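All remarks here apply to the structure that follows.
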There are 2 protein chains.
Amino acid sequence: MTASRTARERVRAELTREITDIARRQLAIEGAGGLSLRAVAREMGMVSSAIYRYFPSRDDLLTALIIDGYNALGAAVEEADKAGPPGDFAGRWLAVCHAVRDWALAHPHEYTLLYGSPVPGYQAPEETIEARLRDVAVFGRIVSQAYEAGALTPPDLAPPAPAALSGDADNLRQIMPGVPDDLIFRGLTAWTGLYGWVNFEVFGQFENTLEERRDGFEQSVRTLGALLGLRPV
Amino acid sequence: MTASRTARERVRAELTREITDIARRQLAIEGAGGLSLRAVAREMGMVSSAIYRYFPSRDDLLTALIIDGYNALGAAVEEADKAGPPGDFAGRWLAVCHAVRDWALAHPHEYTLLYGSPVPGYQAPEETIEARLRDVAVFGRIVSQAYEAGALTPPDLAPPAPAALSGDADNLRQIMPGVPDDLIFRGLTAWTGLYGWVNFEVFGQFENTLEERRDGFEQSVRTLGALLGLRPV
DNA sequence: ATTCGTCAAGAGCGGTGCTCTCGTTTCTTC
DNA sequence: GAAGAAACGAGAGCACCGCTCTTGACGAAT
């Protein structure tokens, strides 16, 4: 390819970006169901069919938004993880949990796109899985590093993971290298617990039930962290 | 009202029921987004406008389905709770968790309607909240009864709930009567953890990540139960 | 027997995703 | 620099959607 792109390529990239920007704004207002190609086109002063020059279908536009969303959430989580001292594993866990919650509450519809019910008829393509792993990789890294540092003192309260799960544990060890089976599944429980809470909060399940949600959340993820043996320094 | 309903009332009730049945079937196939009044009407051999004699809007039909869903899930959970010995609290917790998961996997779209991302533009009316509490009431009852029976030996691993949460704890005590603050929030964590897992499984988040999902689920809810101090008898 | 409420049907409104064609513009190649 | 190829925006149109309004038929109560 040539070093300097042609004018056409530049305007194409710019229009593509403008489409996703407008779409993201509409998504933030109306949610995934309200995302309309025609409305995007209208706002751009284009005719609806012109959008199809840039995105072959509504689903492809959705895919672009999903990838952007995973990257935005992943970046927020990574940044929160870097903020504190690397040896304070409990603090990193807490910071990262808050980063997920804060991002989700700030971008509820984008979060819904990532972790909510799948959009009917939409099938996430391969391209999304790379970005999808950014946030979970951070969690895995914390657990893994904490374990290697000998900072985990997990309480013994549940029966050990059955042998049937060892294959899955091997898979999950790609995310939490070096961690023994039992801790792998405690990590999984903490992870699903975290997102379970955030889901409930974003989807309005705590309405009229819980007021001090930030405090409640922190209490919950502290408990989940203690499950892993993450004790505050 | 008269003891015997008129023929008109009977046929009306029957048609209403037929509409919800067809709608539920379409929901099961296509999901909430694919639920179309016109398609329901087509399947009934009616014209679309006739449906509006029975449901003033699509949202009202959705509401009917949601209430039915809460009741179906609630009934399944209640039945699972009654199946075992009342004194085996750990067993009841496990059975009830499996009941939630089994029902959700058997009716993924209905479950999505209840615990997934909110349907865009739809606002759940007051009538749904009664049915909505059926399943959670069962969980609360188990925790409450186990505590009163002295069957809970919660491990001390997390800091106690902060004072700011005592108001919320009072609210939640309606569901878990007699339970102290700390256990209230452990119960909340276990509850969100359970639904967090089921959400991930129903929404496809475990695809290519976890194979033995039933075993993994059981391991997870066992751990969450241990958090509450629920030890197998 | 007549009135009155209920009902299904039909036409129609504004919206959607998407396809196809058509004339124009831009880039590439000779 | 001219010719061909590729990309592009506009427009019309298809089938679908939720929803509204009107019309005519039917059944129940007076």
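Chain letters run A, B, ... following the sequence lines, proteins first and then strands; every chain starts at 1. Note that the structure is predicted; figures quoted are calculated from it, not measured. Values below: all heavy atoms of this structure, side chains included; hydrogens, waters and symmetry mates excluded.
Listed by chain and residue number, B:Asp60 satisfy the side-chain hydrogen bond (donor to acceptor under 3.5 Å, both in side chains) test with B:Ser57 (two or more places apart in sequence, or in another chain). Partners of B:Phe203 according to the ring pair (Phe, Tyr, Trp, His ring centres under 6.0 Å) rule, which considers only residues two or more places apart in sequence or in another chain, do not exist here.
When only modelled atom types and interatomic distance are considered, B:Tyr115 and A:Ser117 share no side-chain donor-acceptor pair under 3.5 Å. If you check the side chains of B:Tyr111 and B:Asn199, you find a donor sitting under 3.5 Å from an acceptor.
Between A:Phe55 and A:Ala64, the shortest heavy-atom distance links the atoms CE2-CB, 3.9 Å. The two residues A:Ala131 and A:Ile67 come nearest to each other via the heavy atoms CB-O, 4.1 Å.
Atom CG of residue A:Leu228 and atom CD1 of residue A:Ile142 lie 10.5 Å apart, to the nearest 0.5 angstrom.
When atom types are taken as modelled, the side chain of B:Asp81 and the backbone of B:Val77 share no donor-acceptor pair closer than 3.5 angstrom.
Within 4.0 Å (heavy atoms only), A:Arg58 reaches sugar-phosphate atoms of the nucleic acid but no base atom. Residue B:Ser48 is in base contact, counting any heavy-atom pair closer than 4.0 Å across all strands shown. Using a 4.0 Å heavy-atom distance criterion, A:Leu35 is classed as a sugar-phosphate-only contact.
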Nucleotide N/O to protein N/O under 3.5 Å, stretch nucleotides 4-10 of chain D:
{"from": "D:dC8", "atom 1": "OP1", "to": "A:Arg12", "atom 2": "NH1", "distance (Å)": "2.9"}
{"from": "D:dC8", "atom 1": "OP2", "to": "A:Arg12", "atom 2": "NH1", "distance (Å)": "2.5"}
{"from": "D:dG9", "atom 1": "OP1", "to": "A:Tyr54", "atom 2": "OH", "distance (Å)": "2.7"}
{"from": "D:dG9", "atom 1": "OP2", "to": "A:Tyr54", "atom 2": "OH", "distance (Å)": "3.4"}
{"from": "D:dG9", "atom 1": "N7", "to": "A:Arg53", "atom 2": "NE", "distance (Å)": "3.3"}
{"from": "D:dG9", "atom 1": "O6", "to": "A:Arg53", "atom 2": "NH2", "distance (Å)": "2.4"}
{"from": "D:dA10", "atom 1": "OP2", "to": "A:Val47", "atom 2": "N", "distance (Å)": "3.2"}
{"from": "D:dA10", "atom 1": "N7", "to": "A:Ser49", "atom 2": "OG", "distance (Å)": "3.3"}

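Distance A:Tyr52 OH to D:dG13 C1': 14 Å, rounded to the nearest Å. If you take CZ of A:Arg38 and P of D:dC16, they are 15 Å apart, rounded to a whole angstrom.
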Please tabulate, for the side chains in residues 33-43 of chain A, all donor-acceptor contacts under 3.5 angstrom to protein atoms that are two or more places apart in sequence or on a different chain.
{"from": "A:Ser36", "atom 1": "OG", "to": "A:Arg38", "atom 2": "N", "distance (Å)": "3.2"}
{"from": "A:Ser36", "atom 1": "OG", "to": "A:Ala39", "atom 2": "N", "distance (Å)": "2.9"}
{"from": "A:Glu43", "atom 1": "OE2", "to": "A:Arg25", "atom 2": "NH2", "distance (Å)": "2.2"}

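In the helix from C:dA1-D:dT30 to C:dC30-D:dG1, the terminal helix axes, each the rotation mapping four pairs' C1' atoms onto the next four within five end pairs, subtend 0°, rounded to 10°.
With salt bridges taken as basic N to acidic carboxylate O contacts below 4.0 Å, one links B:Glu218 and B:Arg222.
Taking 4.0 Å as the cutoff to heavy atoms of chain A, we find the contact window on DNA chain C bounded by C:dT16 to C:dT28.
Classified by interplanar angle (parallel below 30°, tilted 30° to 60°, perpendicular above 60°), the ring pair B:Trp191/A:Phe206 is tilted.
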